[in-house]
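Keep in mind that what you see is a predicted model, and the values were worked out from it rather than measured. Values below: all heavy atoms of this structure, side chains included; hydrogens, waters and symmetry mates excluded. Convention: sequence-line order gives letters A, B, ...; per-chain numbering from 1.
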There are 2 protein chains.
Amino acid sequence: MTEAELKDAGLKVTLPRLKVLQVLDNADPHHLSAEDVYRELVNADVTVGLATVYRVLTQFEQAGIVTRHNFDDGHSVFELATEEHHDHMVDLDSGKVIEFVNEAIEQLQHEIAEQHGYELVNHELVLFVRKAK
Amino acid sequence: MTEAELKDAGLKVTLPRLKVLQVLDNADPHHLSAEDVYRELVNADVTVGLATVYRVLTQFEQAGIVTRHNFDDGHSVFELATEEHHDHMVDLDSGKVIEFVNEAIEQLQHEIAEQHGYELVNHELVLFVRKAK
DNA sequence: ATTGCAAATGCGAATCAATCTCATTTAAGA
DNA sequence: TCTTAAATGAGATTGATTCGCATTTGCAAT
Ligand SMILES: [Mn+2]
Ligand SMILES: [Mn+2]
Ligand SMILES: [Zn+2]
Ligand SMILES: [Zn+2]
């Protein structure tokens, strides 16, 4: 349940936070910008400030509840942190985002970090693609 | 020589462009933001507008002379496009950027795109790492 | 149920990278 | 040297995100 997630993260259970979670849960293209979330809320007659949406999303990110991405450039998009890590592919023509999982690539990244005396904490991989002729 | 690069790209050989190229050439941490480049120029008594630096860097990117990255978040950094493609590793503690090349990862990315009916045009891979204990 | 108070919120102002506008300068071919 | 389209500089502007602060609210202890 969503309330538990908030409490576990040491965050008070407030209406804005619950509503933001709800929007992320029902998101169809499940990568939403802060403005996207804000618009959905306004649309649903939930009085909430844009600044609060930004604050809440950032807190959720720190709590591991959501993941932030910077696909193209300029603005961030968020998605609920699912149990399964995945990377993204952006169709340059349509802008559509495709998710994929590849264990071999994940493994290689750890090895590369190790070869340089580091441990991998996180990574961001985005493939920019075009429909094959 | 640098003039040739500009001409090949269909760009006039102007003083601002030459100077920007020069700064990128001598850049020690060779990932510079537009502001970084601008400051270097001002520092070297080259009268150039910040807007011009942004314009020139974008043109260079389109011409394949420089590569743009969005490591952390928020702003872009540029580096001269070397003959050899490479990816990056960011030390979360020091902020230092390490470059690496891994053919296996490059190969896998092409395969993944293909598996989804696409062809890989470009990609961005950044590893966020911490010194191993 | 009431109270106390730090945490959270809303709203407008402020920031900051990046882009745009437009009058002026300049590269480069004729 | 002349001509003209491209390039530039300075400042205004945009757009996403953050700040400041007065007000509200969750919630734990009465
Ligand atoms: Mn995703
Ligand atoms: Mn590099
Ligand atoms: Zn991954
Ligand atoms: Zn690569």
Side-chain angles (χ1 to χ4, degrees), chain A residues 1-23 31-63 65-78, chain B residues 1-23 31-63 65-78:
Chain A
M1 180 249 288
T2 62
E3 288 199 21
E5 287 186 281
L6 294 178
K7 283 178 179 158
D8 288 352
L11 297 170
K12 283 191 192 173
V13 177
T14 66
L15 195 139
R17 284 175 182 155
L18 288 172
K19 289 300 186 182
V20 168
L21 271 183
Q22 192 178 309
V23 166
H31 300 96
L32 303 183
S33 68
E35 294 267 359
D36 289 338
V37 173
Y38 176 67
R39 251 181 281 113
E40 295 259 342
L41 292 177
V42 169
N43 203 291
D45 287 313
V46 177
T47 306
V48 61
L50 177 56
T52 298
V53 172
Y54 273 103
R55 276 186 298 237
V56 166
L57 286 173
T58 299
Q59 290 159 347
F60 284 3
E61 183 195 10
Q62 286 161 351
I65 298 173
V66 309
T67 307
R68 178 199 302 259
H69 298 288
N70 299 280
F71 292 150
D72 39 51
D73 186 32
H75 67 314
S76 300
V77 294
F78 303 81
Chain B
M1 180 248 289
T2 61
E3 287 200 22
E5 287 187 281
L6 294 177
K7 282 178 180 160
D8 288 352
L11 297 170
K12 283 192 194 174
V13 177
T14 66
L15 196 139
R17 284 174 181 156
L18 288 173
K19 289 300 185 181
V20 168
L21 271 184
Q22 191 178 310
V23 167
H31 302 96
L32 303 183
S33 68
E35 294 267 358
D36 289 337
V37 173
Y38 176 67
R39 252 182 280 113
E40 295 259 343
L41 291 177
V42 169
N43 202 291
D45 287 314
V46 177
T47 306
V48 60
L50 177 56
T52 297
V53 173
Y54 274 102
R55 275 186 298 236
V56 167
L57 286 173
T58 299
Q59 290 159 347
F60 284 3
E61 184 194 10
Q62 286 162 350
I65 297 173
V66 308
T67 307
R68 178 198 303 257
H69 298 289
N70 299 281
F71 291 151
D72 38 51
D73 184 33
H75 67 312
S76 300
V77 294
F78 303 82

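As a whole-Å value, the separation of A/K19 NZ from C/dG10 P is 13 Å. Atom P of nucleotide D/dT18 and atom OH of A/Y38 are separated by 16 Å, given to the nearest angstrom. The interatomic distance linking A/L15 (CG) with D/dG26 (P) rounds to 8 Å, in whole Å. Protein atom CG of B/L11 is 12 Å distant from nucleotide atom C1' of C/dA27, rounded to whole Å. Rounded to an integer number of Å, the gap from B/E3 CD to C/dA27 P is 11 Å. Here the C1' atom of nucleotide D/dG26 and the NZ atom of A/K12 are 5 Å apart, to the nearest Å. With rounding to whole Å, B/L18 atom CG is found 12 Å from C/dA27 atom C1'. If you take CD of B/Q59 and P of C/dC20, they are 13 Å apart, rounded to a whole angstrom.
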Apply the test side chain to side chain contact (heavy atoms under 4.5 Å, CB included) to residues B/V46 and B/L15: give CA-CA distance (whole Å), side-chain angles for both, the deciding distance (0.1 Å), then the verdict. CA-CA 9 Å; B/V46 177; B/L15 196 139; 4.0 Å; yes

Could you walk me through whether A/N70 and B/N70 pass the side chain to side chain contact (heavy atoms under 4.5 Å, CB included) check? CA-CA 8 Å; A/N70 299 280; B/N70 299 281; 5.8 Å; no

Hey, mind stepping through B/F78 and B/D36 against side chain to side chain contact (heavy atoms under 4.5 Å, CB included) and telling me if it holds? CA-CA 10 Å; B/F78 303 82; B/D36 289 337; over 6 Å; no

Test side chain to side chain contact (heavy atoms under 4.5 Å, CB included) on B/L11 and B/R17; report intermediate values, then the result. CA-CA 9 Å; B/L11 297 170; B/R17 284 174 181 156; 3.7 Å; yes

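Between B/T14 and D/dA6 there is no side-chain polar atom (N or O) within less than 4.0 angstrom of OP1 or OP2. Proximity of B/R17 to the phosphate of D/dT8: a side-chain N or O atom is located under 4.0 Å from OP1 or OP2.
Remark: the B/T58 side chain and the B/R55 side chain contain no N/O donor-acceptor pair separated by less than 3.5 Å.
Separating the NZ atom in B/K19 from the CG atom in B/L41 is a distance of 8.5 Å, to the nearest 0.5 Å. Taken to the nearest 0.5 Å, the OG1 atom of A/T52 stands 10.5 Å off from the CG atom of A/L57.
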All N/O pairs under 3.5 Å across the protein-nucleotides 13-19 of chain C interface:
| residue | atom | partner | partner atom | Å |
| --- | --- | --- | --- | --- |
| C/dA18 | OP1 | B/S76 | N | 2.9 |
| C/dA18 | OP2 | B/Y54 | OH | 2.7 |

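Base contact: A/T52 has a heavy atom under 4.0 Å from a base atom.
Side chain of A/T47, nearest nucleotide from C/dC11, D/dT8, D/dG26: C/dC11.
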